[in-house]
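Here is the structure we will look at.
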Amino acid sequence: MIRKTIYLLLLVPLLGVAELDIEKVNRVLLGLKSSKQLHFFNDNQQLVQQLENKKSKLKFTSLKNADILLFPKSPKSEKVVIVNSYKALKKNSESIGAIYLLKGRTQIVFVDERLEKKGLHLSKDLHEYLIDECLLNPICLL
């Protein structure tokens, strides 16, 4: 009993401060390809600074000039959207992917058909993050 309590006391703070793996997110966002250079927007300045501080080539700009919105408050937009949960990815058919935390680990998922529809694709070395649209539909899993 004491051992379990000590384990919980040590584990809970670790999960509470878990953050996105910025290097992994940066690598995947750089792997998004289009016919032109992509510009991103996120209203969380701390996240933007973390992504820009990693000597990356990611370009962040204003909402008006952005091609891709990262984690918008309202996922309804004419622009390409990457949401912050798997549930939001399933719910919003206009979002191309999701970057989120699950059990303290960074999860990244992009829907292949949605990327093609928006004229985007992932680099070949990042195909592990692609899923088919069918996997988001519970009927398809049967």
[X] side, atom [atom1]; [Y] side, atom [atom2] - distance, nearest 0.5 Å:
X	Y	atom1	atom2	value
Q50	N44	CD	CG	8.0 Å
N92	K87	CG	NZ	13.5 Å
L130	R114	CG	CZ	12.5 Å
E113	I131	CD	CD1	9.0 Å
I108	D21	CD1	CG	7.5 Å
I68	I82	CD1	CD1	5.0 Å

Donor-acceptor pair, side chain of [X] and main chain of [Y], under 3.5 angstrom:
X	Y	result
K118	I96	no
K24	T106	yes
S85	A88	yes

Shortest non-hydrogen contact between [X] and [Y], atoms and distance:
X	Y	result
F60	L70	CE2-CD1, 3.9 Å
E128	D125	OE1-O, 3.9 Å
V81	P72	CG1-CG, 3.5 Å
F71	I99	CE2-O, 3.4 Å
S95	L89	OG-CD1, 3.4 Å
L47	I22	CD1-CD1, 3.8 Å

Validation: residues 28-41 side-chain donor-acceptor distances under 3.5 Å, sequence neighbours left out:
unit_1, atom_1, unit_2, atom_2, d
K33, NZ, L30, O, 3.2
K36, NZ, D67, OD1, 2.9

Q | Residues K73, D43; criterion side chain to side chain contact (heavy atoms under 4.5 Å, CB included); working and verdict | A | CA-CA 9 Å; K73 291 177 182 162; D43 58 1; 3.3 Å; yes
Open item on the list: Checking Y86 now: which residues fulfil side-chain hydrogen bond (donor to acceptor under 3.5 Å, both in side chains) with it, not counting sequence neighbours?
Closed with: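 side-chain hydrogen bond (donor to acceptor under 3.5 Å, both in side chains) list for Y86, sorted by chain: empty.
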